[in-house]
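For reference, the structure discussed in these notes is given below.
All of these numbers come straight from a predicted model, not from anything done at the bench. In what follows, chains carry the letters A, B, and so on, assigned in the order in which the sequence lines appear, proteins first and then strands, with residues in each chain numbered from 1.
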There are 2 protein chains.
Amino acid sequence: MALKLPCYCASLRQATRAISQEYDRAMRPLNLTGTQFTLLRMLNELPSARVNDLAEALAMDQTTVSRTLALIKDAKLIERQAGEDRREARWVLTAAGRKKLREGSPLWESAQRRVESLIGADQAERLKDAAFRLTQKLAR
Amino acid sequence: MALKLPCYCASLRQATRAISQEYDRAMRPLNLTGTQFTLLRMLNELPSARVNDLAEALAMDQTTVSRTLALIKDAKLIERQAGEDRREARWVLTAAGRKKLREGSPLWESAQRRVESLIGADQAERLKDAAFRLTQKLAR
DNA sequence: GCATTTTACATGTATCTACATATATTGTCA
DNA sequence: TGACAATATATGTAGATACATGTAAAATGC
């Protein structure tokens with residue numbers, strides 16, 4: 001059985017490992033990781049987002065976003081558009097990307113429902129909110 | 001600014017990235033990551049633990065524990081003891097490992113205090129508890 | 001007793017992660 | 001205008017992570 005830890009960081013890592021496995025398994029039939037699906041969702045919400053936009057929104061390192069985008073680009077789920085600035089890359093979903101998003105949505109929804117069934121929808125919401133408050137305070 | 005996400009998994013990952021950076025930075029002077037320090041702490045609590053004991057306690061994959069132990073073993077902070085069973089490895093802190101733990105403890109404590117100062121000690125505790133409840137429900 | 005299964009740990013491979021740094025482009029200002 | 005700073009992204013390297021699989025040793029069952 002997992003141990004209760006005094007460390008805030010270790011406790012969050014513990015829970016994040018467990019929940020990530022859950023979502024990764026849920027997305028497995030699509031050949032996508034949870035992280036990759038999250039990026040597809042973000043690009044649906046924020047069309048033509050740049051690497052830095054996504055990095056800031058998700059509190060991810062710019063280099064991590066860069067590499068993960070490369071993976072879903074290689075899978076032809078997104079494509080790069082030129083920005084006004086020749087430095088920047090604007091990313092958009094391809095038709096295949098939108099299809100994956102449609103196919104993945106019920107899988108993602110059932111993972112969400114599963115979490116709610118395990119700890120209760122209100123608990124789940126409170127946990128999510130508390131995690132986000134911490135993110136806001138810590139993200140530079 | 002970081003976005004509030006509907007996904008429980010993405011929200012936890014977001015917060016975990018942020019807090020992990022905080023603890024990793026805190027442990028930097030010791031040339032240790034937060035994860036490595038957590039393993040030292042666990043081996044202090046559970047002397048002669050086996051790989052699988054640690055994996056279960058932390059809800060980590062056995063292979064991840066195996067590799068991380070190899071790192072702190074190479075740094076001579078822990079050493080392998082023979083178990084009764086020739087398959088198993090029992091891990092114990094070395095003198096250098098205990099020293100690192102002593103040196104790291106104030107750094108870890110101040111990271112803990114910093115989290116509390118950011119979101120409040122009660123909020124921090126509730127977040128930790130909620131994370132642990134989720135871990136318990138999800139850990140296979 | 002020996003074949004089969006189970007247990008304990010390690011290794012191959014791939015993704016996620018971040019820090020340090022590189023590269024290319026744009027902005028600034030003397 | 002030309003040097004220097006700032007911005008946007010990518011690459012080198014290394015740790016954290018997990019799944020699939022390998023290896024060795026112990027347990028089980030006939």
Query raised in the report: Rounding to a whole Å, what distance do you find between Lys73(B):NZ and dA10(C):C1'?
Result: 12 Å
For residues 50-58 of chain A, run the donor-acceptor check on the side chains, cut-off 3.5 Å, and write out each pair with its distance to 0.1 Å, sequence neighbours left out.
unit_1	atom_1	unit_2	atom_2	d
Arg50(A)	NE	Asp53(A)	OD1	3.4
Arg50(A)	NE	Asp53(A)	OD2	3.2
Arg50(A)	NH2	Asp53(A)	OD1	2.7
Asp53(A)	OD2	Arg50(A)	N	2.9
Glu56(A)	OE2	Met1(B)	N	2.2

Requested in this report: Go along nucleotides 9-19 of chain D 5' to 3' and tag each nucleotide: B for a protein heavy atom under 4.0 Å from its base, S when only backbone or sugar atoms are that close, - otherwise.
Outcome: BBBBB-SSBBB
Requested in this report: Taking the side chain as every heavy atom from C-beta outward, state whether Tyr8(B) and Tyr23(A) have any pair of such atoms under 4.5 Å apart.
Outcome: yes
Requested in this report: Report the C-alpha separation of Thr64(A) and Thr68(A) in whole Å, then their side-chain angles, then the decisive distance to 0.1 Å, and conclude whether the side chain to side chain contact (heavy atoms under 4.5 Å, CB included) test is met.
Outcome: CA-CA 6 Å; Thr64(A) 305; Thr68(A) 305; 4.3 Å; yes
Report task. Report the distance from atom CG of Leu54(A) to atom P of dT17(C), rounded to the nearest whole Å. Result -> 13 Å
Query raised in the report: Just to confirm, is there a sub-4.0 Å distance from OP1 or OP2 of dT26(C) to any side-chain nitrogen or oxygen of Arg86(A)?
Result: yes
Query - side-chain hydrogen bond (donor to acceptor under 3.5 Å, both in side chains) against Asp61(B), all qualifying residues, sequence neighbours excluded - result: Thr63(B)
**Report entry** For atom OH of Tyr23(A) and atom C1' of dC16(C), their distance in whole Å
**Finding:** 18 Å
Report task. Taking the side chain as every heavy atom from C-beta outward, state whether Phe132(B) and Gln136(B) have any pair of such atoms under 4.5 Å apart. Result -> yes
Report task. Identify the residue among Leu138(A), Thr38(A), Thr135(A) that makes a side-chain contact (heavy atoms from CB on, under 4.5 Å) with Gln14(B). Result -> Thr135(A)
Query raised in the report: Once you round it to whole Å, what is the distance between P of dC9(C) and CD of Glu56(B)?
Result: 12 Å
